[in-house]
Amino acid sequence: MGNLTRRSSKVIASLLAASLAFGTAGYATEAVSNGNSSYSQDQKVVARVDAQKAIEHVRYLSEEIGTRPGGLENEYKAADYVADTLKSYGYEVEYQYFPVADQYIANLALKDGKVWEMGAAPNGLISDNSVKAETIFISGGTKASDFVNANGKIVLMPRAATVSEYRTQVKLAVQAGAKGVILQSLVGSRGNYGQAFNPNLAEKVNIPVYGASYIHGEWLKDEIKKGNSEIGLTAKHYSNLKSVNVIATKRAKTRSKDTKEVILGAHHDSVVGAPGANDNASGVGLMLELARVYKGYNTDKDLKFMSFGSEERGLLGSFHYVDQLDQAGKDRIEAVFVPDMVATNYDKAKNLYSMTVDGSKNIVTDSTAAAGARLGNSDILPGTFGSSDHVPFHHAGIPAALFIWMGIDSWDPLVYHIEKVYHTPQDTIADNVSPERMQSALDIIGSGLFDVVRKDVPPLNKN
Ligand code: BES
Ligand code: ZN
C-alpha cells in the first residue's frame, strides 16, 4: 500500500475508533473534559512520524556501519551517528563513557574479499597474521577417526552440545594437525538460529578457534561446495575497553524544581556477528524519528533521548546510567520508554507488547495502551519481560517498559515467538524489517509518550 493510501485509510479508522473509545478509556475521557482531545494531540505525532525515515537510520546503523559489539569501533560509529543526528535536530547532546570487559573478535575472510565476524576463543591463537588454509566440513568431530583428512586444514564442525564435548572436538582437531577450528552454533536460546560465541577452552591451543553462527556455518559449507574453500582467519583481543551512552535533552518549556523527566532510550549495540537491524537499530531509528518530530513542539516535562551502549553485554549502559544518578535524579524520572526490536517482519510476532519486569502496569504501559485505543490501533498489548534496558530503571523504582513485537500463545503464556534471525547475521532490513510494524510502533509509542510529556498543561498553552 502506498504511503498516502495507508495514511488516509488509517485516519478514517482512527477517527472511528477514537469516537468509540471516548468515554471508556481514562485518557480519552479526561481529554474530552479538557475541551481538547488527546486524539488531536496524537495527530501532531501520527501525521508526522515516518517509518521510512526511521528505517533510513536502521539502514545506516545496520548496513553502513554493520555489527556493533559493545566497546568497539563500530559502537562508537553508531554513537556518533546518533549524536550527530540529534544535534542536527537542535538538541544538546552528551556522551557518557563506562568501562566494559575485553572482546575477542574473529574475522573470516573469503577469497572474494567478504569478511564475516564471529567470536574467537580467548585461549585460541589470537593473531593479526591471517592463518590461510583450505576448509573442510566434518559432520561429527567427536572421535579421532573423523579427522583423517584434517591435517593442514581448517575444520568446520557442528558445535557439540556441551562445553566439555566441544573441547574434545577442538582437542581432536589439534591432534590431527588442523590449522584452525570453526565451531558452528546449532541452537539458539529463544527458538532462534544459533548465534556467534566465544568458545571456552580449558587450556591454550596454538590455532585459531572460532564460534560461528549457524548461518555462517551454512554459508561456509556452500562456499566449500562452490570451490571457495580457501579462507583466511584473523583474531583480535581488545582490552581496556569503554562503551558509551548518548544522551540528548529537550528541556521543558517552563521549568521548576518539580519539573519531571521522561526518557526514551534504545540500545545501539549489537551482538558479535549480527548487524542488528531489528535488534536494535529499529529502536534507535524509532527514537531518532520521534526526536525529529517532537522538536517542533513544546513539552511540560524534560525529555531525554538516549541510546545505550553494551546492552547485549548485560544491560551495561542502562545500569551505568541509573547507578550514576543520585536519589533526586531518580525521583525526577516519571517514565522510561524502551523500544527494543520494534520492526520485525516475523509473521508470528503479531503484537507490540509493552513489557514490564513484573507484569504490573505503569504510566508507560497505560499511556501507550490508551494511545492505541484512541488511534484504533489494536497492535499493543501488555506483558511481562525483562532482558532489556528497562530493567535497571525498574530496579530503581522508576516506571519503565520495554516495547517489542512478539507473539504469545494465549493457551500458554510461557511460549513466545520472536524472529528466528534474532542475534544472527540475518537480522537485516531485507530479512527482518517491516515498515508497517515500524509505523505502528511510531504511532503508538509516539502518541503515548507525547501525551505523558504534555499532560497537565492547559490546552490553550499547547502549540
Ligand atoms: N532485544 C533483546 C531482548 C529480548 C529478546 C527481549 C527477546 C525479549 C525477547 C536484548 O537485546 C537482549 O538480547 N538482551 C540480552 C540481555 C542480557 C545480556 C542481560 C538477553 O536477553 O540475552
Ligand atoms: Zn536488543
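Sequential numbering from 1 along the given sequence is applied to the chain's residues. Start at 1 and go down the list; that is how both ligands and their atoms are numbered.
With sequence neighbours left out, Tyr97 forms a side chain to side chain donor-acceptor pair (under 3.5 Å) with no residue at all.
Near Met406, the atoms of ligand 1 lying under 4.0 angstrom from a non-hydrogen atom of the residue are 8 (C), 9 (C). Counting atoms of ligand 1 from 1 in the listed order, those under 4.0 Å from a heavy atom of Asp279 are 1 (N), 2 (C), 11 (O). Using a 4.0 Å cut-off to heavy atoms of His267, the atoms of ligand 1 that qualify are 11 (O). In summary, the atoms of ligand 1 found under 4.0 Å from a heavy atom of Met341, numbered by their order in the structure, are 1 (N), 2 (C), 5 (C).
For atom 7 (C) of ligand 1, the closest heavy atom belonging to the protein is Ile418 CD1, 3.6 Å. Given atom 10 (C) of ligand 1, the protein heavy atom at minimum distance is Glu311 OE2, 3.1 Å. Among all non-hydrogen protein atoms, the one lying nearest atom 5 (C) of ligand 1 is Arg190 NH1, 3.4 Å. The protein heavy-atom contact nearest to atom 8 (C) of ligand 1 is Phe385 CE2, 3.0 Å. The single protein non-hydrogen atom nearest to atom 12 (C) of ligand 1 is Glu312 OE1, 3.3 Å, given as residue, atom name and distance.
For ligand 1, the polar-atom distance check against Arg313 finds no nitrogen or oxygen pair separated by under 3.5 Å. Among the atoms of Tyr416, none of the N or O lies under 3.5 angstrom from an N or O of ligand 1.
Taking the ring centre of Phe305 as origin, the terminal cationic atom of Lys250 falls outside the region bounded by 6.0 Å and 45° from the ring axis. Figure legend: Arg48 and Tyr297 shown without cation-pi pairing, the cationic atom not lying both under 6.0 angstrom from the six-membered ring centre and within 45 degrees of its axis.
Ranked by closest heavy atom to atom 16 (C) of ligand 1, the top entry among Gly314, Ser387, Gly383, Gly283 is Ser387.
Under a 4.0 Å heavy-atom criterion, Asp340 is in contact with ligand 1. In this structure, Met355 has no heavy atom closer than 4.0 Å to ligand 1.
Residue Val181 comes nearest to Ala173 through the heavy atom pair CG2-CB, 3.5 Å, listed as atom of the first residue, atom of the second, then distance. Trp405 approaches Ile418 most closely through the heavy-atom pair O-CG2, 4.3 Å.
Ring geometry, Tyr81 versus Tyr60: the interplanar angle falls under 30°, so the pair is classed parallel (tilted spans 30 to 60°). Between Phe308 and Phe393, the ring planes lie tilted relative to each other; the angle falls in the 30° to 60° range.
Around the Zn ion (ligand 2), the protein N, O or S atoms found under 2.8 Å comprise His267 NE2, Asp279 OD1, Asp340 OD1, Asp340 OD2.
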| task | Could you go through the salt bridge (Lys or Arg N to Asp or Glu O under 4.0 Å) check for Glu289 and Lys53 one step at a time? | result | CA-CA 7 Å; Glu289 175 57 359; Lys53 288 200 162 71; 5.7 Å; no
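For Lys295, the NZ atom sits in a packed shell: over 12 heavy atoms of surrounding residues, nucleotides or ligands are nearer than 6.0 Å.
Listed for the Asn245 side chain is a donor-acceptor partner under 3.5 Å among the backbone atoms of Gly309.
For Asn432 and Thr344, the side-chain atoms include at least one donor-acceptor pair closer than 3.5 Å. For the 3.5 Å distance criterion, the side chains of Glu75 and Ser243 qualify, holding a donor opposite an acceptor.
At least one side-chain heavy atom of Pro199 sits under 4.5 Å from a side-chain heavy atom of Tyr166.
At a heavy-atom cutoff of 4.0 Å, ligand 1 is contacted by the side chain of Ile404 but not by its backbone.
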